[in-house]
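Below: one structure, written as structure tokens.
Residue numbers start at 1 and run along the sequence shown. Note that this is a predicted model, so its numbers are computed, not measured.
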Amino acid sequence: MYGKEIKKILVSKEAIAKRVAEMGEQISNDYANQKITLVCTLRGACVFFADLMRAIHGDVEIDFIAVSSYGADTKTSGEVKMVKDLSEPIKGKNVIVVEDIIDTGVTLSYLKKLLLAREPKSLKICTLLDKPSRRKVTFEGDYVGFEIENEYVVGYGLDFDQQMRHYPDVCVLSPEVYEG
Ligand code: PRP
């Protein structure tokens, strides 16, 4: 179903669905009889978030946050800015931040520090994808769907230049696309 912009499917929609169900089960068990506030980090996590929340049983509230890097070099400089804050306070709540990918770790390090200052009861990070080889800062997710190599991935929420987020599988982009 994809064109030549896609080199290959890395994680199929079937494999994603299976793993998301497992992660939902694990989270449900870990938080048995406790309310959870799931925080979606816009925009990349939106597809994973929508699937994951429906794989969790128990009391779930949802909220949304958006952060963005300053300029082109920020993934290394560590400067991140708030674009859209949460709608509700999280003090005393069990918060799980849901991400599509941890890459350098810069975004999540910033977000974790920012949210911990609001004194949640607990704070965990759940990511679909993890690229540990790319870390610039030490950072570990608490729930990780798939550890992947350093390849440019798109689909299931992840973009190239704001395109391809709607592709149902996690795909590897053809190098010709980003090398021009
Ligand atoms: C992506 C992803 C993470 C961040 C991870 O977001 O959703 O938030 O990059 O990278 P890091 O570990 O190197 O900080 P992006 O800034 O591309 O925005 P998007 O979610 O709108 O696609």
Side-chain angles (χ1 to χ4, degrees), residues 1-24 27 38-56 62-84 96-112 124-137 139-180:
M1 77 168 269
Y2 302 112
K4 61 179 176 358
E5 78 281 8
I6 294 304
K7 187 175 154 192
K8 64 174 179 184
I9 292 176
L10 185 68
V11 191
S12 69
K13 58 181 183 294
E14 292 81 10
I16 295 170
K18 183 167 177 282
R19 187 73 187 111
V20 171
E22 288 170 0
M23 295 172 89
I27 290 169
L38 281 185
V39 171
C40 178
T41 55
L42 298 169
R43 286 169 266 183
C46 67
V47 184
F48 176 44
F49 186 76
D51 284 345
L52 181 71
M53 74 163 98
R54 288 176 290 172
I56 297 172
I62 64 167
D63 208 338
F64 298 85
I65 197 166
V67 293
S68 151
S69 304
Y70 280 106
D73 291 330
T74 47
K75 295 265 162 164
T76 46
S77 72
E79 284 183 79
V80 181
K81 71 173 170 179
M82 174 78 72
V83 176
K84 184 222 168 291
I96 304 178
V97 174
V98 180
E99 259 292 13
D100 51 338
I101 189 163
I102 307 176
D103 188 13
T104 63
V106 168
T107 307
L108 262 304
S109 299
Y110 166 86
L111 203 50
K112 191 169 180 180
K124 301 276 187 194
I125 308 297
C126 176
T127 186
L128 179 73
L129 304 173
D130 189 7
K131 272 188 190 174
S133 63
R134 290 261 306 161
R135 287 293 193 285
K136 299 266 192 280
V137 296
F139 194 87
E140 272 185 48
D142 300 289
Y143 300 97
V144 176
F146 300 94
E147 210 171 276
I148 63 169
E149 301 296 317
N150 185 20
E151 293 186 289
Y152 201 127
V153 284
V154 295
Y156 200 71
L158 292 114
D159 74 308
F160 169 70
D161 203 13
Q162 300 307 330
Q163 304 294 304
M164 308 182 201
R165 292 193 196 271
H166 62 298
Y167 290 4
D169 310 280
V170 173
C171 304
V172 177
L173 194 63
S174 297
E176 301 87 71
V177 178
Y178 54 87
E179 284 167 0

Taking salt bridge (Lys or Arg N to Asp or Glu O under 4.0 Å) as the test, write out the residues that go with Asp51, two or more places apart.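 Once residues adjacent in sequence are excluded, the partners of Asp51 under the salt bridge (Lys or Arg N to Asp or Glu O under 4.0 Å) criterion are Arg54.
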Set of salt bridge (Lys or Arg N to Asp or Glu O under 4.0 Å) partners for Lys18, sequence neighbours left out: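 Glu22.
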Side chain [X], main chain [Y], donor-acceptor under 3.5 Å:
X      : Y      : value
Lys131 : Glu151 : yes
Lys136 : Gly105 : no
Thr41  : Ile65  : no
Ser174 : Glu176 : no
Asp142 : Ile125 : yes
Asp169 : Lys13  : yes
Arg19  : Gly145 : yes

Could you report the tightest heavy-atom contact between [X] and [Y], atom names first, then the distance?
X      : Y      : answer
Pro132 : Ile148 : CD-O, 4.1 Å
Phe146 : Ala15  : CZ-O, 3.7 Å
Val98  : Ala45  : O-CB, 3.3 Å
Phe64  : Lys84  : O-NZ, 3.1 Å
Pro168 : Tyr156 : O-CD1, 3.7 Å
Ala55  : Val20  : CB-O, 3.8 Å

Pick from Leu128, Asp100, Ile62: which one makes a side-chain contact (heavy atoms from CB on, under 4.5 Å) with Phe49?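 That would be Ile62; it is the only one of Leu128, Asp100, Ile62 passing the side-chain contact (heavy atoms from CB on, under 4.5 Å) with Phe49.
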Residues forming a side chain to side chain contact (heavy atoms under 4.5 Å, CB included) with Ala17, sequence neighbours excluded: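 Counting only residues at least two positions away or on another chain, Ala17 forms no side chain to side chain contact (heavy atoms under 4.5 Å, CB included).
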Qualifying residues under side chain to side chain contact (heavy atoms under 4.5 Å, CB included), relative to Val144, sequence neighbours excluded: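 Val144: side chain to side chain contact (heavy atoms under 4.5 Å, CB included) contacts with Thr127, Asp130.
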Heavy-atom side-chain contact between Tyr152 and Val172 under 4.5 Å: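 Not in contact.
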Do the non-hydrogen side-chain atoms of Val153 and Ile101 ever get within less than 4.5 Å of each other?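 When only atoms from C-beta onward are counted, Ile101 and Val153 do touch, with a gap below 4.5 Å.
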Taking it one step at a time, do Thr104 and Val137 satisfy side chain to side chain contact (heavy atoms under 4.5 Å, CB included)? CA-CA 7 Å; Thr104 63; Val137 296; 5.9 Å; no
Atom pairs and distances, side-chain donor-acceptor, residues 157-164, under 3.5 Å, sequence neighbours left out:
from, atom 1, to, atom 2, distance (Å)
Asp159, OD2, Gln162, N, 2.8
Gln162, OE1, Arg43, NH1, 3.2
Gln162, OE1, Arg165, NE, 3.4
Gln162, OE1, Arg165, NH2, 2.6

For the [atom1] atom of [X] and the [atom2] atom of [Y], what is their distance to the nearest 0.5 Å?
X      : Y      : atom1 : atom2 : result
Asp103 : Arg135 : CG    : CZ    : 8.0 Å
Ser133 : Glu147 : OG    : CD    : 8.5 Å
Ile96  : Cys126 : CD1   : SG    : 7.0 Å

Criterion side chain to side chain contact (heavy atoms under 4.5 Å, CB included) on Ser109 and Thr107, from CA distance to verdict: CA-CA 6 Å; Ser109 299; Thr107 307; over 6 Å; no
Begin from the C-alpha positions of Leu10 and Glu149 and carry the test side chain to side chain contact (heavy atoms under 4.5 Å, CB included) through to its verdict. CA-CA 10 Å; Leu10 185 68; Glu149 301 296 317; over 6 Å; no
Sequence neighbours excluded, which residues qualify as side-chain hydrogen bond (donor to acceptor under 3.5 Å, both in side chains) partners of Glu5?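 Once residues adjacent in sequence are excluded, the partners of Glu5 under the side-chain hydrogen bond (donor to acceptor under 3.5 Å, both in side chains) criterion are Tyr167.
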With side chain to side chain contact (heavy atoms under 4.5 Å, CB included) as the test, would you mind laying out the steps for Leu111 and Val97 before giving the verdict? CA-CA 9 Å; Leu111 203 50; Val97 174; 4.1 Å; yes
